[in-house]
Enquirer: 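One structure, as structure tokens, below. Some questions next.
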Amino acid sequence: MSLHCPATPETTNLMNAERFAQLPAGAVIVNTARGALVDETALLEALAQGQISAAGLDCFQTEPGGNPAFAAHDTIFMLPHIGSATRKTRDAMGFRALDNLDAFFAGTDAGRFAVTLYSGGAAPSAQAFPHLCV
């Protein structure tokens, strides 16, 4: 199962013990979306029970660093949240940010492009920053 959704109150711990139990025995889970989607304790238990045979994780509940317990498992494959770190993607992100700045300072079409301008904590809301959020 591959996860591709945002972290919201509704998706936090989306993959928990109950949902792991609903997967076929030996399933593989891949999370390149957001760390909050996976209950890491439940994932470790599902791996120990054989319900999940492997996990590929590009994001973790705690970043940077991830869950130290994952390092003891040969069937957990981890990357430091770099799934989008291709040259093409990073170039596109940079050009999107420049387009957004151009639109903002020109007073036209502001808000058409989403750009992350915060670090940690809650994301800015569209009400508070309509020119930064889609």
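Remember, predicted model here, so these are calculated numbers, not experimental data.
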Enquirer: Shortest non-hydrogen contact from A17 to A42?
Expert: N-CB, 3.4 Å

Enquirer: What pair of heavy atoms forms the shortest contact from F20 to D39, and how long is it?
Expert: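 Closest pair (atom of F20, atom of D39, distance): CE1-O, 4.1 Å.
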
Enquirer: Listed by chain and number, what are the side-chain hydrogen bond (donor to acceptor under 3.5 Å, both in side chains) partners of N13, not counting sequence neighbours?
Expert: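 With neighbours one apart ignored, the set is Q61.
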
Enquirer: With a 4.5 Å heavy-atom cut-off, do L23 and Q51 have their side chains touching?
Expert: yes

Enquirer: Restricting to non-hydrogen atoms, name the atom on L14 and the atom on R19 that form the minimum distance, rounded to 0.1 Å.
Expert: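 For L14 and R19, the tightest heavy-atom pair comes out as O-NH1, 2.8 Å.
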
Enquirer: Determine the minimum heavy-atom distance between F77 and A54, stating which atoms define it.
Expert: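 Closest approach of F77 to A54: CE1-CB, 4.5 Å.
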
Enquirer: Are the side chain of T8 and the backbone of T11 linked by a donor-acceptor contact shorter than 3.5 Å?
Expert: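 Yes; at least one donor-acceptor contact below 3.5 Å.
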
Enquirer: Any heavy-atom pair between the side chains of I76 and L44 that's under 4.5 Å?
Expert: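 They are in contact (side-chain heavy atoms under 4.5 Å apart), so the answer is yes.
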
Enquirer: Could you grab the distance from atom OG1 of T32 to atom CG of L37, nearest 0.5 Å is fine?
Expert: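 Here the interatomic distance stands at 9.5 Å.
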
Enquirer: Can you hop from L47 to F70 via hydrophobic side chains spaced under 4.5 Å?
Expert: yes

Enquirer: In Å, rounded to the nearest 0.5 Å, how long is the span from NE2 of H73 to CG of L43?
Expert: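 It comes to 8.0 Å.
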
Enquirer: Please tell me whether L79 and V38 are part of a single hydrophobic cluster in this structure, the criterion being side-chain heavy atoms less than 4.5 Å apart.
Expert: no

Enquirer: Search all heavy atoms of A7 against all heavy atoms of A36 and return the closest pair with its distance.
Expert: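 Distance-wise, the nearest heavy atoms are CB-CB, 4.1 Å.
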
Enquirer: Can you name the side-chain hydrogen bond (donor to acceptor under 3.5 Å, both in side chains) partners of N67, sequence neighbours left out?
Expert: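 In terms of side-chain hydrogen bond (donor to acceptor under 3.5 Å, both in side chains), with neighbours along the sequence ignored, N67 is linked to E40.
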
Enquirer: Between N31 and R34, is there a donor-acceptor pair closer than 3.5 Å when you use the side chain of the first and the backbone of the second?
Expert: yes

Enquirer: Looking at A33 and L3, what are the two nearest heavy atoms and their distance?
Expert: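 Closest pair (atom of A33, atom of L3, distance): CB-O, 3.6 Å.
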
